[in-house]
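Written below as structure tokens is the structure these notes are about.
Here is how names work: the chains are called A, B, and so on, in the same order as the sequence lines, proteins then strands, and each is numbered from 1.
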Amino acid sequence: MSRYSAAEIEAKWQQAWDQAGIFEATREGDKPKYYVLEMFPYPSGRIHMGHVRNYTMGDVVARYKIATGHNVLHPMGWDAFGMPAENAAMAIGGHPKDWTYQNIADMRAQMKPLGLSIDWSREFATCDPEYYGQQQALFLDMLAEGLVYRKNAVVNWDPVDMTVLANEQVIDGKGWRSGAEVERRELTQWFFRISDMAEELLEALDGLENWPAKVRLMQENWIGKSRGLQFAFGLVDGFDGHDRVEVYTTRPDTLMGASFVGISPDHPLAKTLEREREDVAAFCAEARKGGTTAEAIEKAEKMGFDTGLRARHPFDTSCELPVYIANFILMDYGTGAIFGCPAHDQRDFEFATKYELPIIPVFEPLDGGAEPLPEAFVPAKSDKTRFVRGFAGDEVQTGEEAVNAAIEFCEANGVGQGVTKFRLRDWGLSRQRYWGCPIPVVHCAACGVVPEAKENLPVQLPYDEDGTPIDFSTPGNPLDRHPTWRDCTCPSCGAPATRETDTMDTFVDSSWYYARFTAPHAATPTDMAEAEYWMNVDQYIGGIEHAILHLLYSRFFARAMHITGHLPKKAIEPFNALFTQGMVTHEMYAGAETTREAGVSSDEEEGQVINAGRETRVKYYFPEDVIRFEFNGRPKALLRGAVEKEEIDAQNVIALNEFWEFERRRTKTVGEEDNALDVIPSAKMSKSKKNVVDPASIISAYGADTARWFVLSDSPPERDVEWTASGAEAASKHLARVWRIASEVANAPEAATPEADEALLREMHKAIDEVTKGVESFGFNAAIARLYAFTNTLARSGAGKAAKTGATLTLAQLMSPMTPHLSEDIWAMLGGEGLVATAPWPVADAKMLVDENVTLPIQINGKRRAEISVPHDMPKSEVEKIALAHDAVVKALDGAQPKKVIVVPGRIVNVVI
RNA sequence: GCCCAAGUGGCGGAAUGGUAGACGCAGGGGAUUCAAAAUCCCCCGCUGGUAACAGCGUGCGAGUUCGAGUCUCGCCUUGGGCACCA
């Protein structure tokens, strides 16, 4: 073979690894363990470049750790439950299970050629009954520990489809599918008691040193701890048993600026009033209208209703404040009631302006110190309030200080007490869906809600029992409609009973899969001995989009699993290190109209960027950028990305609601619907098909090593990388060059000059040093740049055969985490021992990293003016002497003495004149 | 509105406070070839200069330092997170 043939080589070495079984993880041996994990994919049916990048990074880490003497666990599985499968069943018939397992088979077939160091013997899908059965066992244990409970919750209810809608599925207050006005309805749902752990989940963030600061911060904000004062306003005249209104405030220092009290329409007092007064009922009905989406809230006008009730100010009993019901007050934060201080709160200010309530500043608008007031309301002569003086003297305090002083003051005066609140809510896990893990409880007329007996697990989803197909043709939960599945007996009394038909949020599935990988076939959720050995995940890699929900839920679950005896204490923070990688982007046209205007013909070359005129950039998100499906019989593809809206012709964008249905599976983080998510039909997509980079076609054209090399080479891993055809071409050429260089080593002269050998050896050790540092610090792009440089050195070196052979073997080794097949081939070609995959990582010789002679720049007043070459270990004084004798320095000094000479050994000389 | 991050050639990007622009892409020139592909060599921040060289240069403005892309402060721009959260 005289040319590098990726297809041949890659198949050959994958087979060799398989036969050697080197990626199968066992607990044997005394090597330190290392668990590397990439966020597992949703089986959409096709892998994309985002997957390639994610798994390549994980593979680099895994292979490097193998080479450095670790016992590595590197598993792969499938996040397989969720809406797309159910929608496919709805749109094209068939069963979600068949659709899913077919997709898994397809994706596995596409992933295998990448040559990943995965222990496939541990593979599972979350829709395997073996997995979700253990998840049900876990649920029952959590139920027994009080970590799960049932309560009423307000949800978006579509009265036509008779289903609960996620916030993202409510568009302009209407159900995405039915178009019916969405109602807010109270339903009984299951919840994880995650809010009880808010404090701990927050505090433990500090210990996650190897997590990106950004992710920790996002979680901190999400948990949203706040310190404030909770106290009661007494009502002047009580109403039907209500004689006080409890409020919570984070700004007790503005208490003297209170001009009204507001309560939520869902507040108990409002509900009582509603029952007895028609005008209140009418207002509350109006206020409750509209969904709970961020968009609906944004648009809603601030409305208030004066109940006529009056509240007494706790520090000024002569002051009576009106009690309003207001639509902007949420029942589920704080106490569902507030006091309004229009002078120091924008929202209260708007409300007060609208209803002509007094605006009472409590701080002077001093320079510095005091917070600025809305300009119109800075009083001519400021009224330094009694309150500020009362507890803080004349000094106007700000921020936390003022708040704490106010709390202290209030507590001392018997007005309420300081409390800590969190934004984090309990995690509602009930989904009215078929394709999810059934919640293993039974409803019994006599016993109520009864946990299913463990010996009856798994509670399996019905497939096609008794020839009764699952009915996906109509909206709602197919489990509800199933004629027999719900029927069961009560595990407690044995009487006929009904199964719970809600299934679990798919985030539950992904909250503990990392633990299951340590013992994927254990008869209990985990095997403690295995968990003790393998946990924690040493390096977790995935997309930033999971910064909050998935990672927070996993942290909660790990704690819950410890409490229920399924994980050791050390695993309550399951991911020691986290790396969030960027996306793979690619320029493209957004739709056929645009494409035609740009003058693109269909026979343009694959992947070429054709015209900059109307192109736009699309970000391919991990893990599922493109979902192919049929909708109403038409083939479509969904593309989620930052397409600039105005670039897209309206007719090319299918309805957002179709998109959201497919997105619901991954329950969007709140507010993400604002992220310009656009959807392009595949009919249009195929016309501009050249915009989609399909890993399979790249691999068949260039080979896996090229794809791997490229996705790592161009950008830092945490940043987005743009896929370009020329970049892929360059990667391919480079690998072919390395192979060629290796195959020509045999032609090198037996003996060369010792200088040439020495020089190559030094370069080699420098390369070892820098590449190792790069790989260890996720500086893959820098490591690759160093490998390019070393390759250039090697190619031009006049060293002899032995030195060149050694250098080439080392090059192959250093490249092996990124291009394992090519490296393996070169290793074998040059007589390396065994497999390069298991060969010990080369170690740089510190002595070889420093050259005998170094070039030092000479600066004069910080500007480079000359350079000298001196031995690296020459004493400072000698260096100084030589520098001062340099022509350029002598000339600049012009006979004068330098003020100062700074010599940094091996670095620089600076002469200050 | 609140919080966070990032701004370096035509492009992606290098650079423990110590020669800014490594490495790659794109571009230009050349060798090889009947020709091409492939390969190899050279140039490539801006301005002036044939050149040697000089001046300028890491978003803008200050500061610390012998020395700042890197540290501090203030702006500008872009990106991200949170949000009727009291």
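Taking 4.0 angstrom as the limit, A/Arg796 places a side-chain polar atom (N or O) nearer than this to OP1 or OP2 of B/C41. One finds no side-chain N or O of A/Arg786 lying less than 4.0 angstrom from the OP1 or OP2 phosphate oxygen of B/A22. Proximity of A/Arg740 to the phosphate of B/C40: a side-chain N or O atom is located under 4.0 Å from OP1 or OP2. Phosphate proximity of B/C56 to A/Lys863: present, with a side-chain N or O under 4.0 Å from OP1 or OP2. Using a 4.0 Å cut-off, no side-chain N or O of A/Tyr788 falls inside it from OP1 or OP2 of B/G24.
A/Tyr248 comes within 4.0 angstrom of a nucleotide base, judged by non-hydrogen atoms across all strands. A/Thr855 comes within 4.0 angstrom of a base, heavy atoms only. Within the 4.0 angstrom heavy-atom criterion, no nucleotide atom of any strand lies near A/Leu856. Among the protein residues, A/Lys421 comes within range of no part of the nucleic acid, since none of its heavy atoms lies under 4.0 Å from any strand.
Between A/Asn792 and A/Arg737, the side chains place a donor N or O and an acceptor N or O closer than 3.5 Å (distance only, hydrogens not considered).
In this structure, A/Lys891 atom NZ and B/C53 atom P are separated by 12 Å, rounded to whole Å. In this structure, CD1 of A/Ile784 is placed 13 Å from P of B/C25, rounded to the nearest angstrom.
Distance noted for atom P between B/A22 and B/G45: 8 Å (whole Å).
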Would you tabulate the pairs of protein nitrogen or oxygen atoms and nucleotide nitrogen or oxygen atoms of nucleotides 11-15 of chain B closer than 3.5 angstrom?
| unit_1 | atom_1 | unit_2 | atom_2 | d |
| --- | --- | --- | --- | --- |
| B/G12 | O2' | A/Asp714 | O | 2.7 |
| B/G12 | O2' | A/Ser715 | OG | 2.9 |
| B/G13 | O3' | A/Asn781 | ND2 | 3.3 |
| B/A14 | OP1 | A/Asn781 | ND2 | 3.3 |

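Where pairing requires Watson-Crick or G-U contacts shorter than 3.5 Å, the helical stems of RNA chain B with at least three consecutive pairs are B:1-7 with B:76-82, B:10-12 with B:23-25, B:27-31 with B:39-43, B:45-48 with B:53-56, B:59-63 with B:71-75.
A donor-acceptor pair under 3.5 Å is absent between the side-chain atoms of A/Ser732 and the main chain of A/Ala728, judged by distance alone.
Where A/Ala337 and A/Lys733 meet RNA chain B, the nucleotide closest to each residue was compared, and A/Lys733 sits on the side nearer the 5' end.
Within 90° of 0 lies the glycosidic angle of B/G9, which makes this nucleotide syn.
The base of B/C4 lies outside donor-acceptor range of the side chain of A/Arg216, with no N or O pair under 3.5 Å.
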Using a 4.0 Å heavy-atom cut-off, write out nucleotides 65-73 of chain B from 5' to 3' as B (base contacted by protein), S (sugar-phosphate only) or - (no contact).
-BS------
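Counting all heavy atoms, side chain and backbone alike, A/Leu712 lies closest to A/Thr56 at CD1-CG2, 3.6 Å.
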